[in-house]
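What follows is a set of notes on a single structure, which appears directly below.
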Amino acid sequence: MLNPIGLELRREFSDNEEVCRHVIGLFQLMSNKQRFRIVCILSRGSFCVNEIAQILGTDKLSNISQQLKVLRLAGVIKCERDEKKMVYSLQDERFREIITFLKQNYL
C-alpha cells in the first residue's frame, strides 16, 4: 500500500501523461549537441545559416540546415526571409528562459 505522498505522485503522473511525453520529447530534441548549440545561439538573437555556421566553426551548411529544419518542425524556432537570406529566431520563448536558467546555474 502506498503512503499518501506515493498516491499523490501516482495521481499526478496519471493526470499529466501528455505533458510528460511533451517534456521528454523536448529533452530528446535538445540532447543533440548541434541543436542545443543552435538554440543557445538563437537565444541571443536572430541569425542566418552562414552566421550560425561561423559561430559553430563549421562549413557544413547542409548539416546545420538539417538541424534547423528539425527545430523548426518541432516549433522551437521560426524563419523569415530577409531579402535573399533566411533568418532564424526562437519561436518558443520558453527556450530562451531555459538557456538563461542553464547558464546561470551550470556555467
Side-chain angles (χ1 to χ4, degrees):
M1 181 83 184
L2 286 173
N3 64 31
I5 294 172
L7 289 170
E8 181 182 342
L9 287 167
R10 186 168 74 183
R11 187 174 49 254
E12 285 177 14
F13 288 161
S14 176
D15 292 346
N16 295 308
E17 187 63 32
E18 186 59 35
V19 172
C20 186
R21 271 196 291 273
H22 180 71
V23 170
I24 289 169
L26 292 176
F27 279 120
Q28 289 173 336
L29 183 70
M30 298 306 295
S31 68
N32 175 284
K33 183 178 173 180
Q34 193 168 49
R35 284 193 297 261
F36 178 74
R37 287 182 170 175
I38 290 170
V39 171
C40 288
I41 290 167
L42 297 179
S43 75
R44 302 284 296 273
S46 300
F47 297 90
C48 69
V49 176
N50 288 331
E51 292 168 325
I52 293 170
Q54 288 176 357
I55 293 167
L56 294 175
T58 183
D59 58 355
K60 297 180 180 178
L61 296 181
S62 61
N63 291 350
I64 293 171
S65 293
Q66 182 179 8
Q67 299 307 328
L68 287 166
K69 181 178 180 179
V70 170
L71 290 167
R72 187 177 52 77
L73 291 173
V76 175
I77 66 171
K78 61 184 175 182
C79 61
E80 297 174 348
R81 182 166 296 282
D82 180 23
E83 296 181 16
K84 294 183 180 182
K85 61 184 176 184
M86 298 301 288
V87 177
Y88 294 86
S89 60
L90 286 181
Q91 178 168 311
D92 189 337
E93 286 299 314
R94 293 175 295 182
F95 278 91
R96 189 179 323 277
E97 295 170 16
I98 291 169
I99 298 303
T100 299
F101 172 83
L102 292 172
K103 284 180 181 178
Q104 290 172 346
N105 291 280
Y106 294 99
L107 291 181

ILVMFWY cluster, Met86 and Ile41 together (side-chain gap under 4.5 Å): yes
Hydrophobic side-chain clustering at under 4.5 Å (ILVMFWY, transitive links): who's grouped with Ile24? Put none if nobody. none
Any side-chain heavy-atom pair of Phe95 and Ile77 under 4.5 Å: no
Examine Leu7 and Phe13 and state if one hydrophobic cluster contains both, with Ile, Leu, Val, Met, Phe, Trp and Tyr joined whenever side-chain heavy atoms are less than 4.5 Å apart. no
Test side chain to side chain contact (heavy atoms under 4.5 Å, CB included) applied to Leu9 and Leu2, step by step: CA-CA 10 Å; Leu9 287 167; Leu2 286 173; over 6 Å; no
Mind checking the OH-SG spacing from Tyr88 to Cys48? Nearest 0.5 Å is all I need. 9.5 Å
The reported gap from CD1 in Ile99 to CE in Met30 (rounded to nearest 0.5 angstrom) is 5.0 Å
Is Ser43 reaching over with its side chain to a backbone N or O of Cys40, donor-acceptor style, under 3.5 angstrom? yes
Considering residues at least two apart in sequence or located in another chain, which fulfil the side-chain hydrogen bond (donor to acceptor under 3.5 Å, both in side chains) criterion with Glu18? Arg21
Using the rule that Ile, Leu, Val, Met, Phe, Trp and Tyr join whenever any side-chain heavy atoms are under 4.5 Å apart, tell me whether Ile55 and Leu42 fall into a single cluster. yes
Using the rule that Ile, Leu, Val, Met, Phe, Trp and Tyr join whenever any side-chain heavy atoms are under 4.5 Å apart, tell me whether Phe47 and Val87 fall into a single cluster. no
Between CG on residue Leu71 and CD on residue Gln67, distance to nearest 0.5 Å: 7.0 Å
Reported CD-to-CD distance for the pair Gln66 and Gln34, which is rounded to 0.5 angstrom: 9.0 Å
Hey, what do you get for NZ (Lys78) to CZ (Arg72), rounding to the nearest 0.5 Å? 13.5 Å
Take atom CG of Leu73 as the centre, draw a 6.0 Å sphere, and report whether it contains more than 12 heavy atoms from other residues, nucleotides or ligands. yes
Taking atom NE2 of His22 and atom CG of Asn16, what is their separation to the nearest 0.5 Å? 13.0 Å
Honestly curious: do Leu61 and Val39 fall in one hydrophobic cluster under the side-chain, below-4.5 Å linking rule? yes
Within residues 90-107 or reaching into it, pairs that qualify as side-chain hydrogen bond (donor to acceptor under 3.5 Å, both in side chains) - sequence neighbours excluded: Asp92-Arg94, Glu93-Arg96
With side chain to side chain contact (heavy atoms under 4.5 Å, CB included) as the criterion, how do Leu56 and Ile38 come out once you've worked through the C-alpha distance, each side chain's angles and the decisive distance to 0.1 Å? CA-CA 8 Å; Leu56 294 175; Ile38 290 170; 4.2 Å; yes
Would you sort out whether Phe36 and Leu102 count as a side chain to side chain contact (heavy atoms under 4.5 Å, CB included), showing the intermediate values? CA-CA 12 Å; Phe36 178 74; Leu102 292 172; 4.0 Å; yes
Just by modelled atom types, is the Arg11 backbone N or O under 3.5 Å from a matching donor or acceptor in the Ser14 side chain? no
Asp82 (side chain) donor-acceptor with Lys85 (main chain) under 3.5 angstrom: no
CA sep, side-chain torsions, deciding dist, call: Leu68, Ile52, side chain to side chain contact (heavy atoms under 4.5 Å, CB included): CA-CA 10 Å; Leu68 287 166; Ile52 293 170; 4.1 Å; yes
